[in-house]
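I have placed the structure first, in the form of structure tokens, so that the comments after it can refer back to it.
What you are looking at is a predicted structure, and each value in this text was computed from that prediction instead of being measured.
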Amino acid sequence: MDVTDFYDTFFEEASELLEDMERLLIELDTAAPDREALDAIFRAAHSIKGGAGTFGFEALQNTTHRMENLLDLARNGELVLDRATVDILLEAGDVLKGQVESYREGESPDAEAADRICRVLQQIAEGDKVPGPAARASATDEAGGQTSHAAAVGTGARRVTVRISGLEDGEAEALAGELALFGEVSNRSEESGTLRLDLATEADDDDIVAVLCFIIDVDQIAIEPVAAAGKSAAGAQRLRVTVSGVDDTTRPAVLADLELMGEISARQIDGDTLAVELASDQPIEDIAAVLGFQIDLDRVTIEPADAKTATAPEAKSATADTTPAAASAPAEPQSVPPAKAASESSGGAGERRREAAHSESTSVRVPTDKIDHIINLVGELVITQSMLDRAVGEIDHEHDEALSEGMSQLARNARDLQEAVMSVRMVPMDFAFNRFPRLVRDLSSKLGKEINLETRGGATELDKGLIERIMDPMTHLVRNSLDHGIEDVATRTAAGKPAAGQLTLSARHEGGNIVIEISDDGAGLSRERILAKAKSSGLAVSDDMPDEDVWQLIFAPGFSTAAQVSDISGRGVGMDVVKRNIAQLGGHVDLRSKQGAGTTVRVILPLTLAIMDGMAVRAGQEIFILPLGAILESMRVEQSAARTVTAGSQVIEVRGEYLPLVELHRVFDVADAETDLARGIVVVVTSESRRFALFVDELIGQQQVVVKNLETHFRKVAGVSAATILGDGSVALILDATALARMTAAPRKPRKTTAPLTPSETEESVAND
Amino acid sequence: MTDMIAATDSDQREVLVFTLGGEEYAVDILKVQEIRGYSNVTRIANVPDFIKGVTNLRGAIVPIVDLRLKFALGEADYTEQTVVIVLNIGERVVGVVVDSVSDVIGLSAEQIKPAPEFGGQMDTAYLEGLASIDDRMLILIDAEAMMTSREMALVESLDAETA
């Protein structure tokens with residue numbers, strides 16, 4: 001097996017770990033850092049280091065090593081993580097990302113950046129006191145509590161005992177195979193999900209763990225020098241460890257830690273107090289330090305067992321001279337065999353992590369182009385199915401029930417399959433939301449503002465392609481909110497608002513759409529300023545325009561009301577681009593704002609770009625698809641209902657409202673189409689809050705269509721957003737309601753174009769529409 | 001002997017010969033994806049008449065161009081026998097309607113002569129040259145240059161996109 005086979009897995013994992021690390025660092029409350037979070041950050045750095053070491057990515061290994069040292073001090077409370085330090089750690093994370101990227105591309109990473117960040121990390125680490133014994137102990141305890149100091153020396157073959165707990169069927173075999181690659185395996189035993197074996201190897205514990213990590217969780221692995229076990233039986237000191245304030249959730253973890261430090265010969269539980277007899281060759285302070293991960297050290301007492309038996313009244317049968325073998329025998333009611341204790345620990349404190357590991361092992365990474373290919377194939381299958389259905393419908397199958405039964409089953413299965421495949425592309429909005437904490441943090445310190453970021457509905461699912469394409473507009477909107485929306489602390493306090501501004505990102509499903517809101521409690525839009533700016537740029541405005549129309553002005557090209565241009569936003573290229581990008585995704589933006597109270601921008605998007613609900617409509621012999629979401633109602637009207645406003649531009653009255661009339665056959669120049677309103681049907685279509693009446697010959701029916709890009713092999717066509725393939729295999733154009741709405745404002749083309757339009761003319765008419 | 005084959009191999013290229021009106025044209029065989037019949041073409045409004053529309057080529061939406069209309073040659077009728085040459089140009093696929101496809105022949109470099117300046121329907125920019133074989137004359141078309149040319153209106157030109 002070639003080690004490079006693991007590269008991709010490592011890069012993927014490292015990238016994920018770095019993302020986790022960044023998220024945790026940003027979430028970290030520097031005033032009262034969460035122990036678990038610190039541990040998780042440390043673990044992430046450590047896992048990357050381990051992998052980098054195995055694969056020989058030196059720069060990555062060195063940088064993570066420095067980072068790890070610093071984090072280790074932090075989680076032992078020897079270094080206070082203030083905001084500045086967290087910033088450095090975030091920066092180090094960026095350097096690591098760069099390094100992972102470089103290695104992935106097969107380039108050598110930026111040595112200068114690495115040197116600089118390593119020096120800074122080193123300085124911070126040295127600025128505090130020299131790591132004490134506790135720090136050393138914890139460093140070796142990491143990666144599942146390897147107690148081997150030999151690992152640090154690590155030259156020449158050594159013998160270690162590897163114990164892996166919580167295994168599922170078949171995993172033991174795979175692991176033993178992996179371990180055999182490191183050296184010679186002996187004394188292998190398996191018992192209730194725990195694999196135990198001795199290994200003679202030259203590899204570091206870190207390297208062994210790093211490779212095993214690909215199969216199982218770090219917490220499941222324990223590596224000890226073989227010698228330690230022998231020593232604990234012979235020359236180890238016997239200790240009595242009493243821990244108070246231990247409940248059911250922390251107890252297994254405490255026991256597991258003790259298990260790693262030596263052999264437990266007896267244990268007593270009395271309420272929330274745990275008393276353990278331990279045979280260990282470890283210094284008492286190291287044992288204390290390890291327990292310090294789980295509980296406050298002032299709740300722990302460790303003393304030589306023989307001296308203090310009397311002060312522990314619970315200890316009756318477990319006396320100092322009980323041999324380890326006897327004490328761990330089943331006859332002893334309170335004692336537990338080591339293997340059981342270990343597996344208990346994995347079921348207790350490590351439970352959450354284990355669940356995460358479990359979900360990881362049941363997921364598969366698939367490149368998106370493979371998924372897209374499957375989606376295409378399934379789309380084809382559905383089309384083939386409709387073709388078959390049509391063909392079968394034409395033959396007389398009254399006498400062939402099996403055929404019609406089979407056909408309806410095929411139809412169901414094909415639809416189900418399509419739905420299932422589409423769901424593969426769906427990812428939670430968190431993918432997008434997770435990128436914002438960092439942005440908000442960086443920008444708020446740059447701007448000198450205090451901002452709380454809240455995200456809601458992160459589990460809402462959206463097509464992956466859409467998420468990627470919504471990132472830029474969203475980033476822009478968030479920057480706008482931070483820069484122009486939320487005021488600085490002084491202004492806020494003066495206005496009687498809380499000093500910290502609130503930025504909320506939310507996502508939810510609404511019908512067949514997803515609604516994403518970017519909402520701040522800042523100054524809101526200034527009606528006066530927008531109107532003044534609009535006047536000065538020569539836009540047609542009036543002072544008594546409704547608010548909604550005023551807000552729409554900021555989507556005009558080149559419009560910015562920012563008092564001063566900053567490097568974050570405000571150059572006036574923006575909102576129009578945001579609006580255009582979102583319209584391209586088949587969505588739209590609206591905006592609510594109240595001066596002094598804040599602004600909410602709502603982005604409404606379809607759930608997926610690949611499939612849409614449409615209404616097939618006919619003009620002459622041609623079929624078009626109208627997006628179902630754009631249809632309000634349809635009705636038959638008399639020819640007399642149409643009034644001509646100017647030559648070629650008509651309106652019809654629908655319930656007291658005059659709507660511009662768009663005749664589909666005119667737009668697409670269809671021959672033999674119905675021209676008498678009374679003999680066709682009028683569909684009321686809405687787009688971007690503009691409504692119009694579309695005249696077609698006939699509504700054929702509602703159907704789901706697979707959206708196919710026209711521009712892949714052809715070009716954009718006026719009034720058309722995309723194309724699809726109908727049941728008979730022919731192509732139908734999907735109408736673009738927004739573009740059609742714009743056509744109502746443009747001068748109508750003559751019925752028959754005598755000379756073909758040159759492309760530039762066609763383009764021009766599109767642009768001007 | 002082997003040297004000779006190697007020499008001709010590197011110079012020689014194969015072209016697909018097709019007819020438009022009374023003339024014989026040729027395109028590089030490497031650009032030809034397949035040859036199929038003309039069926040199920042969806043018309044597109046407001047495009048030059050030589051763009052017949054789009055069709056479904058195994059799930060891809062592909063434009064169909066009638067070179068007979070483009071070059072004002074031959075009768076533009078559409079039957080089951082009407083031939084469409086599917087060309088693969090870069091990332092794009094386009095179907096080209098022609099009168100008929102005759103054969104595939106090898107041409108060596110010295111058989112290809114530069115095309116003289118023409119007036120009229122065909123821009124010399126996408127003529128690779130003229131080739132004579134015995135008493136036949138082939139008009140060699142640079143498929144890529146022609147299909148991406150502005151007057152074919154098959155792709156959006158850059159300035160139109162920024163408009």
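If you tally non-hydrogen atom pairs under 4.5 Å between each of A:Thr724, A:Leu710, A:Thr712, A:Asn709 and chain B, the highest count goes to A:Thr712.
For chain A, the nearby parts of B:Val93 are the backbone and the side chain; heavy atoms of each come within less than 4.5 Å.
Judged by distance alone, with hydrogens and angles left aside, the side-chain atoms of B:Asn56 form a donor-acceptor pair with the main-chain N or O of A:Gly729 at under 3.5 Å.
By the neighbour-count criterion of 12 heavy atoms within 6.0 Å, atom CD of A:Glu698 is densely surrounded, having more than that number from other residues, nucleotides or ligands.
Pairing each heavy atom of B:Arg43 with each of A:Glu622, the nearest pair is NE-OE2, 2.7 Å. Smallest separation of non-hydrogen atoms from B:Glu91 and A:His713: O-CE1, 3.6 Å.
The shortest distance between side-chain heavy atoms of A:Phe714 and B:Ile51 falls below 4.5 Å.
Here the options are A:Leu733, A:Asp669, A:Val720, A:Val731, the test is side-chain contact (heavy atoms from CB on, under 4.5 Å), and the partner is B:Ile44; only A:Leu733 passes.
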